[in-house]
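Counting from 1, the numbers follow the sequence of the chain as shown. As the structure is a prediction and not an experimental result, all values here were calculated from the model. What's counted below: heavy atoms across the whole structure, side chains too, no hydrogens, waters or symmetry copies. We count ligands from 1, going down the list as the structure has it; atoms in each ligand are counted the same way.
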Amino acid sequence: MSAPLLLDGVGFAAEGQRLLGPLDLKMEAGTRLVVLGPNGAGKSLMLRIAHGLLRPTQGQVRSAGQQRQAMVFQNAMPMRRQAVADIEFALACRGVPRTHRRGLAMAALATFGLTDLAARPARVLSGGERQRLALARAWALEPALVFLDEPTAALDPRATREVEDAIERFHAAGTAIVMSTHDLGQARRLADEVVFLHRGRLCEHTPASTFFDTPRSVEAGAFLKGELLW
Ligand SMILES: Nc1ncnc2c1ncn2[C@@H]1O[C@H](COP(=O)(O)OP(=O)(O)OP(=O)(O)O)[C@@H](O)[C@H]1O
């Protein structure tokens, strides 16, 4: 299978300031890639560009648009009144015929233990339920690749575990994952590979065990010790 994500000299600049790259990245199918770095390092920028939401000012994202992919944000807000309708809406946007939508949406809710929430007004869902709903919506689209931008940033430990279990379902199904997080324990639990960004520069792309045991860059070493603020 070809690489689900290939960044070729990708960079982003605004108002004369380089904010990201240029960076090259190749990711293998089914990999869980965790993007780490201090605040403002460019993690969200990298994910948004890689997903095709933002056009890079240099270089190319080779895989965008050629495969099914989805993105889940930190504070995923449901777009429709009921949880099930939120997923049906996403399916409609992908051109799934109306007759198929309810069944697929209910199956996705069931996969994430959310069947009981199907008819509930989405606005009353807890933060953890909302994130799982967002993951169920992504799941219904059957992506080869999902981007998760700090998906547990606002959640308590239990809700975080539930979302991590949900993320593992994508991995078990063969979906490649690109996730940013500030939770180093979570990165250890979920990552196959780590990309470390600092001031928009890709300092490391290594197997997760290498990153945590013997970080190669000075910046990553300082970051892991909590000594790198910016
Ligand atoms: N569309 C844009 N135009 C101009 N500047 C931007 C744009 N998007 C992000 N930035 C800037 O790029 C820098 C990197 O932002 P980004 O959100 O990618 O960081 P991050 O690593 O995700 O940070 P955090 O961990 O705080 O979420 C910031 O200085 C931000 O203000």
Check the side chains of Ser44 and Asp149 for a donor-acceptor pair under 3.5 angstrom, ignoring hydrogens and angles. yes
Closest heavy-atom contact between Arg216 and Glu204? N-OE2, 2.8 Å
When you compare the side chains of Arg161 and Gln186, does any donor N or O come within less than 3.5 Å of an acceptor on the partner? no
Compute both the distance and the angle, then confirm whether Arg188 meets the cation-pi test with Phe212: under 6.0 Å from the six-membered ring centre, within 45 degrees of the axis. yes
Can you tell which of Val35, Leu36, Asn39 gets a heavy atom nearest to atom 24 (P) of ligand 1? Asn39
One finds that the ligand 1 atoms under 4.0 Å from a non-hydrogen atom of Ala14 are 4 (C)
Does Gly37 reach ligand 1 with a nitrogen or oxygen that is under 3.5 Å from one of the ligand's nitrogen or oxygen atoms? no
Ser44 contact mode with ligand 1 (heavy-atom cut-off under 4.0 Å): both
Any nitrogen or oxygen of Phe12, main chain or side chain, under 3.5 Å from a nitrogen or oxygen of ligand 1? no
Relative to the ring of His51, is the ring of Phe147 parallel (under 30°), tilted (30 to 60°) or perpendicular (over 60°)? tilted
Logged contact type for Met46 with ligand 1, heavy-atom cut-off 4.0 Å, is neither
Please step through salt bridge (charged side-chain N to carboxylate O under 4.0 Å, His left out) for the pair Arg201 and Glu219, ending with a clear verdict. CA-CA 11 Å; Arg201 202 167 55 84; Glu219 293 89 347; 3.2 Å; yes
Atoms in ligand 1 flagged as close to His182, the criterion being non-hydrogen separation under 4.0 Å: 24 (P), 25 (O)
Report the C-alpha distance between Arg102 and Glu88 in whole Å, list the side-chain angles of each, state the deciding distance to 0.1 Å, and finish with yes or no for salt bridge (charged side-chain N to carboxylate O under 4.0 Å, His left out). CA-CA 6 Å; Arg102 179 57 56 100; Glu88 288 174 323; 2.5 Å; yes
Specify side chain, backbone, both or neither for Gln74, according to which of its non-hydrogen atoms lie closer than 4.0 Å to ligand 1. neither
Report the part of Leu19 in contact with ligand 1, treating N, CA, C, O as backbone and CB onward as side chain, heavy atoms under 4.0 Å; options are side chain, backbone, both, neither. side chain
Classify the ring geometry between Phe112 and Trp139 as parallel (under 30°), tilted (30 to 60°) or perpendicular (over 60°). perpendicular
Report the part of Glu150 (side chain from C-beta onward, or backbone N, CA, C, O) that has a heavy atom under 4.0 Å from ligand 1; answer both or neither where that applies. side chain
At less than 4.0 angstrom from any non-hydrogen atom of Arg48, what atoms of ligand 1 do you find? 8 (N), 9 (C)
